[in-house]
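A quick write-up on the structure given underneath.
These numbers come from a predicted model, not from an experiment.
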Amino acid sequence: MPVEPLPQKEIEDRLAQLPGWSLDGDRLARSYRLGSHFAAAAMVVHIAQVQEELDHHADLTLSYHTVSLTVNTHSVGGAVTELDFELARRIEELAPAHGARG
């Protein structure tokens, strides 16, 4: 299935359904605060597993109690696509298991 950039209006509408996520330039962005460095590192590993399943990889930053990520699709020139929203949705689903807060 080909991946196409989403129109700006659709991006805005979809972001309204993902509290805590925002558009940072041409990327979806989100940070999570966790209870410990270990919990943050575990969440990064869990995100990496989801990225491998989707064959779609976010830029991740781990800094002590915080996990930050930005997501866009490099294969379409760095635009936001359906695949980015699928990854964001899956991350939102796993975040509570790690005690992540926005």
Side-chain angles (χ1 to χ4, degrees):
M1 164 165 69
V3 178
E4 300 292 329
L6 294 174
Q8 186 67 29
K9 174 71 169 121
E10 187 170 348
I11 292 169
E12 292 167 6
D13 290 346
R14 287 175 180 237
L15 278 172
Q17 317 249 330
L18 284 171
W21 287 84
S22 62
L23 191 62
D24 182 11
D26 62 351
R27 298 169 175 259
L28 302 183
R30 176 83 154 98
S31 290
Y32 296 92
R33 179 113 172 115
L34 292 102
S36 68
H37 179 71
F38 185 82
M43 184 171 169
V44 167
V45 170
H46 200 168
I47 291 170
Q49 290 172 327
V50 171
Q51 292 178 130
E52 285 299 306
E53 288 172 19
L54 294 175
D55 192 25
H56 189 57
H57 302 86
D59 291 330
L60 286 167
T61 303
L62 170 62
S63 55
Y64 198 51
H65 290 142
T66 304
V67 174
S68 300
L69 58 145
T70 58
V71 185
N72 65 359
T73 303
H74 302 285
S75 64
V76 293
V80 174
T81 68
E82 173 66 34
L83 195 52
D84 301 312
F85 279 100
E86 176 62 15
L87 179 57
R89 184 189 64 75
R90 299 269 306 267
I91 292 167
E92 281 299 301
E93 288 176 354
L94 68 82
H98 296 278
R101 329 181 273 289

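Annotation: the span from Glu12 atom CD to Glu10 atom CD amounts to 11.0 Å, rounded to 0.5 Å. Taking CD of Gln51 as the start and CG of Leu69 as the end, the distance is 8.0 Å to the nearest 0.5 Å. Arg30 contributes atom CZ, which lies 11.5 Å from atom CG of Leu15 (distance to the nearest 0.5 angstrom).
Gln49 meets the side chain to side chain contact (heavy atoms under 4.5 Å, CB included) test with His46; sequence neighbours excluded. Partners of Glu53 by side chain to side chain contact (heavy atoms under 4.5 Å, CB included), not counting sequence neighbours, listed by chain and number: Arg90. The side chain to side chain contact (heavy atoms under 4.5 Å, CB included) test applied to Arg101 returns Arg33, not counting sequence neighbours. Shown here are the side chain to side chain contact (heavy atoms under 4.5 Å, CB included) partners of Val44, two or more places apart in sequence or in another chain: Leu60, Leu62, Val67.
Counting only residues at least two apart or in different chains, ring-ring contact (aromatic ring centres under 6.0 Å, His included) contacts with residues 66-95 are absent.
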Please tabulate, one pair per line, all N/O donor-acceptor pairs under 3.5 Å involving side-chain atoms of residues 18-27, not counting sequence neighbours.
{"residue": "Trp21", "atom": "NE1", "partner": "Glu92", "partner atom": "OE2", "Å": "2.8"}
{"residue": "Arg27", "atom": "NH1", "partner": "Asp59", "partner atom": "OD2", "Å": "2.8"}
{"residue": "Arg27", "atom": "NH1", "partner": "Thr70", "partner atom": "OG1", "Å": "3.2"}

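Here the closest heavy-atom approach between residue Ser36 and residue Ala39 is recorded as OG-N, 3.0 Å. When all heavy atoms are compared, the tightest approach of Thr66 to Ser31 is CG2-CB, 4.4 Å. Minimum interatomic distance between Ala40 and Tyr64 (heavy atoms only, all atoms of both residues): CB-O, 3.6 Å. Shortest non-hydrogen contact noted between Asn72 and Gly78 is ND2-O, 3.0 Å.
Put simply, Leu83 and Leu6 are part of two different groups of oily side chains (I, L, V, M, F, W, Y) that touch within less than 4.5 Å, one to the next. Criterion: ILVMFWY side-chain heavy atoms under 4.5 Å apart, direct or through other members. Under it, Val50 and Leu28 are part of a common hydrophobic cluster.
Under 4.0 Å is where a charged nitrogen must lie from a carboxylate oxygen, and between Glu86 and Arg89 at least one such pair does.
Taking the side chain as every heavy atom from C-beta outward, Leu87 and His57 never approach each other to under 4.5 Å.
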TODO: Carefully, step by step, assess His56 and Thr73 under the rule side chain to side chain contact (heavy atoms under 4.5 Å, CB included).
DONE: CA-CA 8 Å; His56 189 57; Thr73 303; 3.4 Å; yes

